[in-house]
Amino acid sequence: MQVIYFLKSLFSVASATFTPGERVNLVRRGSILRTDGYVVAQTDGGVLVEWPRAGSSFVKSSELTAIV
């Protein structure tokens with residue numbers, strides 16, 4: 001039984017979590033589409049981000065990278 005859980009863990013993708021106020025960039029297919037966004041909120045379906053010049057958008061957490 002433990003072998004099955006181990007195999008499932010190899011194929012599961014953990015979603016990134018972001019905290020409100022965290023700075024992020026939007027990256028799709030290796031291209032940076034938007035920069036310097038601020039996380040407003042995160043839900044199970046994605047992350048609401050406020051962009052400096054493009055308003056707000058709701059994006060997948062897998063498409064965001066944190067600015068450190």
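For reference, positions follow the sequence shown, starting with 1.
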- Query: Any salt bridge (charged side-chain N to carboxylate O under 4.0 Å, His left out) pairs touching residues 25-41, not counting sequence neighbours?
  - Reply: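 Listed by first then second residue: R23-D36, R28-E63.
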Return all side-chain donor-acceptor pairs below 3.5 angstrom for residues 48-55, not counting sequence neighbours, or 'none' if the list is empty.
residue: E50; atom: OE1; partner: S56; partner atom: OG; Å: 2.5
residue: W51; atom: NE1; partner: S57; partner atom: OG; Å: 2.6

- Among Ile, Leu, Val, Met, Phe, Trp and Tyr joined by side-chain contacts under 4.5 Å, find the other residues sharing a cluster with I32 and list them by chain and number.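 When side chains under 4.5 Å apart are linked, the cluster holding I32 also contains V27.
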- What distance do I67 atom CD1 and N25 atom CG have between them, rounded to the nearest 0.5 Å?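 Result: 4.0 Å between the selected atoms.
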- Message: Any non-hydrogen side-chain atom of V47 less than 4.5 Å from a side-chain atom of F58?
- Response: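 Contact flag for V47/F58 side chains = no.
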- Message: Strictly distance-based, threshold 3.5 Å: is any side-chain N or O of S31 a donor or acceptor partner for the main-chain N or O of L33?
- Response: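 Not confirmed, S31 side chain does not pair with L33 backbone.
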- Say whether V59 and V24 are linked into one hydrophobic cluster, either directly or through other cluster members, by side-chain heavy-atom distances under 4.5 angstrom. yes
- Which atoms form the tightest heavy-atom contact between A16 and Q42, and what is the distance? O-NE2, 3.0 Å
